[in-house]
Colleague: 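Could you have a look at this structure, given as structure tokens, before my questions?
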There are 2 protein chains.
Amino acid sequence: MTRRGSYAKGLAKREEILDAALEVVAREGYRGTSVREISAASGLSQAGLMHHFASKDELFTEILRRRDEIDMALIASDPDIRALEAFPLAIKHNTEVPGLVHLYVCFSAEATAPQHVARAFFIERFARLQELLVEDIRARQATGELPVGLNAQSAAGSLIAMADGLQTQWLLNPNIDMAAHVIETISSWRKHD
Amino acid sequence: MTRRGSYAKGLAKREEILDAALEVVAREGYRGTSVREISAASGLSQAGLMHHFASKDELFTEILRRRDEIDMALIASDPDIRALEAFPLAIKHNTEVPGLVHLYVCFSAEATAPQHVARAFFIERFARLQELLVEDIRARQATGELPVGLNAQSAAGSLIAMADGLQTQWLLNPNIDMAAHVIETISSWRKHD
DNA sequence: GTCTATATTCAGATAGAC
DNA sequence: GTCTATCTGAATATAGAC
């Protein structure tokens, strides 16, 4: 599968770079992070790094894509963990990586610009995440766990929005319990008409 | 009050710069906006602009502070408009100024960095906004309009978070009705235990 | 795949004249 | 209060050797 090891090595180096990038962002903040610093932290020159990622934006996009894959694997791994359980779990896990959270809030905000290269990534990401939550909500409506009067699309969108907004508040005040807010909101759905 | 007109003129120029800055951000996006471009749009040189604002970050902070003041004036002006009414109204109004929304989501995200000059501004802003909503929620609990079982602090924080998160989603997909989501959530509070 | 070296562009800030 | 001119520094990206 790995062609004479070089492919696997290239992948390993990519992972190393992504990890180093997170470290630097956590230390310096999103704005203060240059590709040069990331390359230094990965034991590479800047040009060496640019061999693996075409641009800084692509590098950051890949970091967030990888996080999503890890979070998705969480849902897939355990049949007892469905979207509405996995969502607050992922949020709780984020608490351990404030640098990643900072990267996410900054980059997703910037990416809303019409010409931004990561715009499509976030549009698709939001759609997929919402779809996942909507499916789980509908399944629970079918079993009677959640009331059918609840608008699944709207509730899912609101929940995602809340989780995103909480990240900014949490970065400003780490006493805020993001997961608790989200869990409380999901619980409140049960009281819906 | 205005000392021989020069003070008033200085203020007018400041306003002009803030308006021009919004235009440029709306056109170029937050990231692509330089002080030079803003100064050009205000009919000033860069140095001329820097006479009014010590730094780019201060300029952006002032734009957002001014918006808040306008929104606050809305609540104060009409006794029938209390915080829970004013909040979705302000959100609806934001729909007309996507550039300002983009500036807000980007700048508030960046400002969460520990050393950022606008960090204190946003910490205070969130606290004030939450306080305003909490007061109104409690008042409505006292009249029986909202159930006393509702945690006012938590509900207010969640509502603000949702509104912030919705702005990112709306910038990616303008079909989303931010105000409707917020109003729906406030309505759902009435069904709380 | 990684390096050195550099191209290119552009940023925010300041000095000092008017 | 505003200008011209410039400083100073940084960023991303690329060319080409090894």
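Letters A, B, ... are given to chains in the order of the sequence lines, protein chains preceding strands, and every chain is numbered from 1.
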Colleague: Have a look at B:Ser34 and say if it touches a base, only the backbone sugar-phosphate, or nothing, with a 4.0 Å heavy-atom cut-off.
Modeller: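 Result for B:Ser34 = sugar-phosphate.
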Colleague: Looking at C:dT14, D:dT2, C:dC3, which one has an atom nearest to any side-chain atom of B:Ala47?
Modeller: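 Nucleotide nearest to B:Ala47's side chain: C:dT14.
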Colleague: Any link between B:Ile176 and B:Ile160 through a network of hydrophobic side chains (Ile, Leu, Val, Met, Phe, Trp, Tyr) touching at under 4.5 Å?
Modeller: yes
Colleague: For the pair made of CE in B:Met50 and C1' in D:dT8, what is the distance, rounded to whole Å?
Modeller: 14 Å
Colleague: Is the centre of the A:Phe53 ring less than 6.0 Å from the centre of the A:Phe60 ring?
Modeller: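 A:Phe53 vs A:Phe60: aromatic centres not under 6.0 Å.
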Colleague: Classify B:Leu49 by what it touches in the nucleic acid, base, sugar-phosphate, or nothing, heavy-atom distance under 4.0 Å.
Modeller: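 Touches nothing.
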Colleague: Give the nucleotide from the list D:dC3, C:dA13, D:dA13 with an atom nearest to the side chain of B:Arg36.
Modeller: C:dA13
Colleague: Output the rounded distance in Å from CZ (B:Arg14) to C1' (D:dT2).
Modeller: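 These atoms are roughly 16 Å apart.
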Colleague: What is the distance from CZ of B:Arg31 to P of C:dC10, rounded to the nearest Å?
Modeller: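 The distance from CZ of B:Arg31 to P of C:dC10 comes to 15 Å, rounded to the nearest Å.
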Colleague: Could you give the CZ-to-P distance, from B:Phe53 to C:dA11, as a whole number of Å?
Modeller: 19 Å
Colleague: Check whether the side chains of B:Asp164 and B:Tyr104 place a donor and an acceptor atom closer than 3.5 Å, and report yes or no.
Modeller: yes
Colleague: Reading DNA chain C from 5' onward, which residue's closest nucleotide shows up sooner: A:Gln46 or A:His52?
Modeller: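 Nearest-nucleotide comparison on DNA chain C picks A:His52.
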Colleague: From CD of B:Glu28 over to P of C:dA11, roughly how many Å is that when rounded to an integer?
Modeller: 10 Å
Colleague: Mapping B:Leu44 and A:Asp57 onto DNA chain D by nearest heavy atom, which one lands closer to the 5' end?
Modeller: B:Leu44
Colleague: Of the candidate nucleotides C:dG1, C:dA15, C:dG12, which contains the atom at the shortest distance from the side chain of A:His51?
Modeller: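 Of all the options, the side chain of A:His51 is nearest to C:dG1.
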Colleague: How many whole angstroms separate atom NZ of A:Lys56 from atom P of D:dA11?
Modeller: 8 Å
Colleague: Return the value, rounded to whole Å, for the distance between atom CD of B:Glu37 and atom P of C:dA11.
Modeller: 6 Å
Colleague: Tell me: CD of B:Glu16 to C1' of D:dT2, nearest whole Å?
Modeller: 13 Å
Colleague: Regarding B:Gly32, tell me which of base, sugar-phosphate or nothing describes its non-hydrogen contacts under 4.0 Å with the strands shown.
Modeller: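 Nothing: the residue B:Gly32, judged by heavy atoms under 4.0 Å, touches no strand.
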Colleague: Is the distance between the ring centroids of A:Phe107 and A:His116 under 6.0 Å?
Modeller: yes
Colleague: Taking the side chain from B:Glu85 and the backbone from B:Arg82, do they hold a donor-acceptor pair closer than 3.5 Å?
Modeller: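 Side chain of B:Glu85 to backbone of B:Arg82, a donor-acceptor pair under 3.5 Å: yes, one is there.
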